[in-house]
Amino acid sequence: RLRALCDGVIAPGEREYETLLGQVEHLGRMVGDLHTLSVADAGQLSLHPQRIDLNALVPQVLEPLRPQLHESGMELDLSLPLEEGLADIRADGDRMRQIVSNLVNNALRHAAQGRWLGVRVDAEQDAQGRAWVVLRISDAGPGLPPELRQQPFQRFARAPGKRRREGSGLGLSIVRALTEAQGGTVWLEASERGGTCFALRFPRA
């Protein structure tokens, strides 16, 4: 389309510029996402771990996303039942913000029709007695299609019928890469409201 503009085949105009800008921004995000994944694959991901209280960090990440949630008609159900100190993990704050943002944006793109987003931080203990902090981000959307359910974190995965501009297909892959790089694990569960729930757990600090 840029070539057509230069050749005079397409007339310049505000709508055309907006279309081209959207495509360039999409390409920029994809390049950034691919860079993050390639660095993670090489074990060279830049991390600055520190003691982080998820009870404090999660609301900070959600606050600037509230207008988007409101615009999409999604009710935010935030639950932080843990007492002070029980939601502490050792992680990189910027990477944790990226994880939460990716999951919320994923819900905005694919589950807005459910009109609900649940975010909860819990404490759990495994069979070996190790203490974990678990973050769950749930929606009431249609859930993942069968072809994506088995490998939800596969790169460039996209639900049938979704256009490229609706996401790069790398967001969930980045969530897994950033989670595992910080000693955590992430998996898929059924949401309490029938949609999708992404659960992440990290060792308690």
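These figures come from a predicted structure and were not determined experimentally.
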Should we say atom CD of E84 is surrounded by more than 12 heavy atoms from elsewhere, each under 6.0 Å from it? no
Between the side chains of E16 and R1, is the shortest nitrogen-to-carboxylate-oxygen separation below 4.0 Å, so that they form an ion pair? yes
Please determine whether residues V119 and W187 belong to a single hydrophobic cluster, defined as Ile, Leu, Val, Met, Phe, Trp and Tyr linked transitively by side-chain heavy-atom distances below 4.5 Å. no
Going by distance alone, is a donor N or O of one side chain under 3.5 Å from an acceptor N or O of the other, for W132 and D126? yes
Side chain proximity check, V121 to S79, heavy atoms < 4.5 angstrom: no
4.5 Å side-chain heavy-atom contact, N102 and N106: no
Connected via hydrophobic side-chain network under 4.5 Å: L80 and L57: yes
Taking every non-hydrogen atom, the tightest pair across D41 and R155: OD2-NH2, 2.7 Å
Closest heavy-atom pair, L86 versus R204, reported as atoms and distance to 0.1 Å, is O-CD, 3.3 Å
Going hydrophobic residue to hydrophobic residue with side-chain gaps under 4.5 angstrom, can you get from W116 over to L108? no
Between A40 and A177, which heavy-atom pair has the shortest distance, and what is it? CB-CB, 4.0 Å
Membership question, hydrophobic clusters at under 4.5 Å side-chain separation (ILVMFWY): are L20 and V31 in the same one? no
Electrostatic pair R115-E75, nearest N-O below 4.0 angstrom: no
Ignoring hydrogens, what is the shortest heavy-atom contact between S46 and D92? Give both atom names and the distance. O-OD2, 4.1 Å
Between the side chain of S173 and the main-chain N/O of F153, is any donor-acceptor distance below 3.5 Å? yes
Give the cluster check for I99 versus L65: same hydrophobic cluster or not, with ILVMFWY residues linked at side-chain heavy-atom distances below 4.5 Å. yes
Which of these passes side-chain contact (heavy atoms from CB on, under 4.5 Å) with L200: V133, V186, L178? V186
Restricting to non-hydrogen atoms, name the atom on H110 and the atom on Q113 that form the minimum distance, rounded to 0.1 Å. O-OE1, 3.5 Å
So, applying side-chain contact (heavy atoms from CB on, under 4.5 Å) with V104, which one of L76, V61, L62 is it? L62
Can you give me the closest heavy-atom contact between L82 and A87, atom names plus distance? CD1-CB, 3.8 Å
